[in-house]
Each structure stands twice: as structure tokens, then as C-alpha cells.
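Hydrogens, waters and symmetry mates are skipped; everything else that's a heavy atom, side chains included, is used. Quick caveat: nothing in here was measured; it's all calculated off a predicted structure. Each chain gets a letter, A, B and so on, in the order its sequence line appears, and its residues count up from 1.
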Amino acid sequence: MPARVELERLYEDHAQALFSFLANLTRNEADTRDLLQALFVKLAQRPGLFEGAREERALLLRLARNLAIDLFRRRGAARRHSDALARQVQAAPLFAPASEPDEQAFRKALEAALDELPTEQREVVHLKLWEGLTFEQIAGLVDIPPNTAASRYRYGLDKLRRRLRPLYDEIR
Amino acid sequence: MKPDDLERQIGRQPLREIPPGWREPILKAARQAALRSCPARPDRLAPWRRAVLALLDRRPSALLWPSPTAWAALAAAWIGILAAQLAMREPAPAAPAREASVSARALLLARLEQQRLLARWSEPFESPALAPTKPAPPKPRSEARRRIGFA
């Protein structure tokens, strides 16, 4: 079992990144909390999880992603559809609140545009833009070839551009 | 591929911070799960419990598993004995139950008949040859022939 201080260190070092990643995947506050707790429970129960791991953050993101995929599979496609409808009504905010109205409007539009992306594109966009991972690192984390990771990022970003370009040109 | 302005603008958006109230419940749940999954450490137990646990942990293995080869040989011997016994056993009668009951009834009847015969034979045997003989009365024709012949 990782010592108490080790669990706390993992939380201090990685909980913020895991929270953001899970929140972007699920777009649901309760699901994000449940998945984060499940992840730390798994860490506490499996002491040798980090043995041989080169990058702690990448392993944790991979575990978080697997937990999210398990949740999606358990619920099934029908439930996901109803969740998508529910998210439009009460989606958890993904970005920090902005003081300026233009910035706030841009973040709201970006949240809506991200929500429209397929999950496989959204996770790659998140890992690239907000985690700063390379396509090779993303490919290892998501179990896809690097070219696939790059193309998913390109497709996702093109959609975001198309959606956000008018607003961006307006407030720039 | 160099990022354009819009791409940089998207990546600059600050993500919301994790709610501070989540930290303690999540870590508490993780610690409780770790305690449930790990057995109690022996050094935290009382000395007598430690001794009992150590005995239970060590003695059965010492008694029951001293030598895997010996146990395997014993098991093989038992299997051989069992196989020999099965091979030497006479084949079970294949007759149906009804037939068996009929033959049993016939055996019973035969037994009763045998008992009846034995009882009859054990009665005092009075044979006419062994009975005291009486001189038979002469028959008229033989007497007449005797009288004629000796006359």
C-alpha cells in the first residue's frame, strides 16, 4: 500500500490534471468525482502500480481514461445520449470563470464546441493543448499510432476553429 | 505544424480548479480501501495472537506437507490399490430386478421343499423288511401241492 504521505503527494501533484481531463471527458461533476475517487482507491489498493512506469502523470491519465471508458460502457449508448442531453442543461464548467465578458463568452463557446467533439478527438485535443503531451506520448496513452493521434487532433481542432473563428475574430 | 493564434488562444484558457472539498473525502476513501485490502500487520497484534497466528500458519504446513514426493507416492499407491480391487471384483449380475425376485421366490420354494423332505426323512423309518415277520398263512394251492407231492 502506498503510504499516506505518498497518496497525498500523488493527489497534490496530479489531482488537478486528472480532474480537468476527467471533467472534459465526462462533462459531469458527479462522474468526475466518482472516477477520481475510484482512481485513488485503485492506487491505494495496488502498491506496485508505479513499478517500471517511466512517467507517473501519463500512467495516471491512462488509468483515468480507462475508468471513464468503463463507465461509458457500463451505461451504454442510450444512457450516454440522455447524458448528453442532460449536459446541455447542467454541464459542469470546464474552465475557470473569467472577469471579462468577452473572455467568458469565449470560454462558454469553447466548452460547447468541445462538447460537440467525439470523445476520441476531445481526449487527444485535451492532452495536446492542456497537458502539453507530444503525439507519441498521446499515442502511448490512448493505444493508437502517433499518426492517428495527430489526425484526431487535426480533425478536432478544425472543428473548434470553424466553431470559434467568428467569435474570436469579433472579440480580438 | 505551427499553432495559429486561435489554437494558442484555445490552449491558453485556464481550466477550472479542482474543488478543494474533494481532497479529504477522496484520500479518506483511498486509505480505507487500502486498509480493507491489506491484512492486519502482525506487529500491531497482541503477542499471544501473533503466536497463535504463527502456529496456525506454520504447523499445518509442517504436518500436512512435509514432503511432496512422499504424498505423491502414497496417493499413487492408493490409486493402484483401488484399481486392483475394482479389477478383481466379480461383474455384477446383469439380470433385471424382476428376474432376481422370481429366482428368489423359486429359491424359497425349493428351500421349503427341502425342509419338508428333511422333516419327512427324519421321521422314524418303518420299513416292511425290518418289521417282525410273521409266517404267512399257506395259500390253499401251495398247501394242496405240498400235500400231493409228499403224499
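Between B/Arg16 and A/Glu29 there is a salt bridge, since at least one side-chain N of the basic residue sits less than 4.0 Å from a carboxylate O of the acidic one.
A distance of 9.5 Å separates CG of A/Leu22 from CD1 of B/Ile18, quoted to the nearest 0.5 Å. Expressed to the nearest 0.5 Å, how far CD1 of B/Ile26 lies from CG of A/Leu36 amounts to 4.0 Å. Rounding to the nearest 0.5 Å places CD of B/Glu7 at 6.0 Å from CG of A/Leu129.
In this structure the side chain of B/Arg31 reaches within 4.5 angstrom of the side chain of A/Glu8, judged on heavy atoms. Contact annotation: the side chain of B/Pro25 approaches that of A/Arg33 to within less than 4.5 Å [non-hydrogen atoms, C-beta and beyond]. Annotation: side chain of A/Leu110 is not in contact with side chain of B/Gln9 (no heavy-atom distance under 4.5 Å). Annotation: side chain of B/Ile10 is not in contact with side chain of A/Arg161 (no heavy-atom distance under 4.5 Å).
One hydrophobic cluster holds both A/Leu61 and A/Leu59 under the rule that ILVMFWY side chains link at heavy-atom gaps under 4.5 Å. Hydrophobic clustering, with ILVMFWY side chains joined whenever heavy atoms are under 4.5 angstrom apart, keeps B/Trp22 apart from A/Val41.
A distance-only check finds a donor-acceptor pair linking the side chain of A/Trp130 to the backbone of B/Gln13 [under 3.5 Å].
Looking at A/Phe40, the atoms closer than 4.5 Å to chain B (heavy atoms on both sides) sit in the backbone and in the side chain alike.
Residues of residues 97-106 of chain A lying within less than 4.5 angstrom of chain B, judged on heavy atoms, are A/Glu103, A/Phe106 in numerical order.
Among all heavy-atom pairs drawn from A/His126 and B/Leu15, the shortest one is CE1-CD1, 3.9 Å. Heavy-atom minimum distance, B/Ala30 versus A/Ala44: O-CB, 3.1 Å. Across all non-hydrogen atoms, the minimal contact from B/Leu27 to A/Leu7 is CD2-O, 3.8 Å.
The environment of A/Glu12 atom CD is dense: over 12 non-hydrogen atoms of other residues, nucleotides or ligands sit within 6.0 angstrom. More than 12 heavy-atom neighbours from other residues, nucleotides or ligands sit within 6.0 angstrom of OH on A/Tyr168. More than 12 heavy-atom neighbours from other residues, nucleotides or ligands sit within 6.0 angstrom of NZ on A/Lys159. For B/Arg111, the CZ atom sits in a loose shell: 12 or fewer heavy atoms of surrounding residues, nucleotides or ligands are nearer than 6.0 Å.
For the set A/Leu94, A/Leu39, A/Leu164, A/Asn24, the count of heavy-atom pairs under 4.5 angstrom toward chain B peaks at A/Leu94.
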